[in-house]
Structure formats: structure tokens, C-alpha cells
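This is a predicted model, so every value here is computed, not measured. Note that the numbering runs from 1 along the sequence shown for the chain.
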Amino acid sequence: MPSKDIFHQSVRTALEKDGWIITHDPLHLKVDDIEFFVDLGAERLLAAQKQGQKIAVEIKSFVGASEVTEFHLALGQTLNYRLALKKEEPERILYLAVSQDTYQDFFSRQFIQDSLKEYQIKLLIFNSLNQDIVLWKE
């Protein structure tokens, strides 16, 4: 099982404060003979519906030497996880969680914005100090 990101607990707390129930930590998927471990699985019951909304969250800190390299890894991992979810749990929506600082400093760059749009990456932006969700970006 992979190690947890430095922001793992912050994102978990932020989701719980936002009304999400953590159902998996990590969310294990097995597709054919390949195992995947998405950082978190969560569900929130919607008052107007009998079924809940289900999400999977991959958390990335972007604290490595190169933000571009970190982005390449995060993008590839997110695309693979999205495909695995499509096969095993198609009702679950995948989000890439990044800190508010990383979002403002790196993800605001035009090329990164273009990549997110091209690959239809959904983001969960969180404040690591307050452990709050700042923005859901579809």
C-alpha cells in the first residue's frame, strides 16, 4: 500500500467538515491484475435523493523539486484512476485534491489550465491550515 500524502489528514478533515462520510481510506480497486489505491473514497447523502453522491479523491502535495514533474505524475495517475473507476465503480467521481497555495501558484498558469480542461480533470482545492474545502472545480 502506498504511503499517505502530507496533506492526507487535512483533506480528510476538510471533507468530513463539509458533510462527507469517508467510506474508504484508501479506496482499493482491482482491474484485471492491476491494483490501484486512490487516497480516499467518500459519500454524502443528499436529502432530495435516496442515493448518495460518491467521490474518490487523490491528494497531491506538489512539494517535489519540480512542480511540472509532479504535475505529470498527478495527471497520469488521475487518468489511470479515472479509467479504473469507470470499470469498477462508475458512479464515483474522481477529484484531484491540491492545496490552495498550489492552486494559486501553479495551477493558475495557462498551460496547466489548458491541460485540466483538455483532460477534464476535476479539482478539490483545500486550505491546509484551516482544513477547509475552498473550491470544487468541475
Side-chain angles (χ1 to χ4, degrees):
M1 188 176 326
S3 62
K4 293 181 179 179
D5 189 274
I6 60 169
F7 292 130
H8 187 93
Q9 190 58 47
S10 292
V11 173
R12 182 181 173 123
T13 300
L15 285 166
E16 290 171 335
K17 286 170 69 176
D18 198 47
W20 291 89
I21 298 167
I22 304 300
T23 57
H24 300 82
D25 185 2
L27 173 63
H28 175 252
L29 301 168
K30 186 170 183 178
V31 179
D32 301 322
D33 60 345
I34 299 178
E35 293 187 279
F36 299 95
F37 294 92
V38 185
D39 288 324
L40 294 170
E43 183 172 359
R44 179 166 58 187
L45 295 178
L46 303 173
Q49 301 176 0
K50 292 189 176 194
Q51 293 184 339
Q53 180 182 11
K54 293 182 176 182
I55 61 172
V57 179
E58 181 61 19
I59 305 160
K60 293 296 175 197
S61 58
F62 287 83
V63 294
S66 167
E67 289 177 321
V68 173
T69 299
E70 297 284 326
F71 182 70
H72 290 313
L73 293 172
L75 180 60
Q77 195 172 24
T78 300
L79 293 175
N80 286 335
Y81 287 173
R82 191 166 65 193
L83 179 59
L85 284 168
K86 183 178 176 182
K87 291 183 174 208
E88 294 298 316
E89 294 197 33
E91 74 282 1
R92 201 176 287 276
I93 299 170
L94 179 63
Y95 287 87
L96 174 63
V98 297
S99 72
Q100 185 175 21
D101 293 339
T102 297
Y103 181 73
Q104 291 172 340
D105 294 341
F106 183 70
F107 278 68
S108 61
R109 297 177 184 181
Q110 189 59 52
F111 183 82
I112 303 304
Q113 288 291 312
D114 292 345
S115 293
L116 297 172
K117 184 176 179 183
E118 176 70 22
Y119 299 110
Q120 301 173 9
I121 304 298
K122 299 179 185 307
L123 296 176
L124 182 168
I125 296 103
F126 63 94
N127 181 306
S128 61
L129 297 177
N130 298 337
Q131 299 183 333
D132 288 326
I133 294 172
V134 176
L135 177 67
W136 294 92
K137 191 157 174 82
E138 301 293 326

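- A salt bridge does not link Glu35 with Lys30: every distance from a Lys NZ or Arg NE/NH1/NH2 to an Asp or Glu carboxylate oxygen is 4.0 Å or more.
- In this structure, the side chains of Gln53 and Trp20 come closer than 4.5 Å at one or more pairs of heavy atoms.
- In plain terms, the two heavy atoms of Leu29 and Glu88 that are nearest each other are CD2-CB, 4.1 Å.
- Side-chain contact between Glu138 and Tyr95 is present, with at least one heavy-atom pair separated by less than 4.5 Å.
- The two residues Ser10 and Gln131 have their closest heavy-atom pair at OG-NE2, 3.5 Å.
- A 4.5 Å side-chain heavy-atom check between Ile125 and Val98 finds at least one atom pair inside the cut-off.
- Proximity of Ser108 to Tyr103: side-chain heavy atoms (C-beta onward) are nowhere separated by under 4.5 Å.
- Distance CZ/Arg82 to CD1/Ile121: 4.5 Å, rounded to 0.5 Å.
- Closest of all the heavy-atom pairs between Glu58 and Phe37 is OE1-O, 4.1 Å.
- In the displayed structure, Lys17 atom NZ is contacted under 6.0 Å by more than 12 heavy atoms of other residues, nucleotides or ligands.
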Applying ring pair (Phe, Tyr, Trp, His ring centres under 6.0 Å), run through Phe111 and Phe71 and close with a yes or a no.
CA-CA 11 Å; Phe111 183 82; Phe71 182 70; 7.6 Å; no
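- Going from atom CD1 of Ile6 over to atom NZ of Lys4 covers 14.5 Å, rounded to the nearest 0.5 Å.
- For Gln120, the CD atom sits in a loose shell: 12 or fewer heavy atoms of surrounding residues, nucleotides or ligands are nearer than 6.0 Å.
- Residues Leu15 and Ile133 form a side-chain contact, since some pair of their non-hydrogen atoms from C-beta on lies under 4.5 Å apart.
- Side-chain contact between Val38 and Glu89 is absent, with no heavy atoms from C-beta onward closer than 4.5 Å.
- Atoms CG and NZ, on Leu94 and Lys54 in that order, are 15.0 Å from each other to the nearest 0.5 Å.
- For the pair Asp132 and Phe126, the minimum side-chain heavy-atom distance is 4.5 Å or more.
- Looking at Ser61, its side chain never comes within 3.5 Å of a backbone N or O of Phe7 through a donor-acceptor pair.
- A donor-acceptor contact shorter than 3.5 Å is absent between the side chain of Asp32 and the backbone of Ile34.
- Across Asp18, Asp25, Asp5, a single residue satisfies salt bridge (Lys or Arg N to Asp or Glu O under 4.0 Å) together with Arg12, and that is Asp25.
- Contact annotation: the side chain of Glu16 approaches that of Ile22 to within less than 4.5 Å [non-hydrogen atoms, C-beta and beyond].
- Looking at Gln113, its side chain does come within 3.5 Å of a backbone N or O of Phe107 through a donor-acceptor pair.
- The aromatic rings of Phe62 and Phe106 sit tilted, their planes meeting at an angle between 30° and 60°.
- Note that CG of Leu75 is 10.0 Å distant from CD of Glu118, once rounded to the nearest 0.5 Å.
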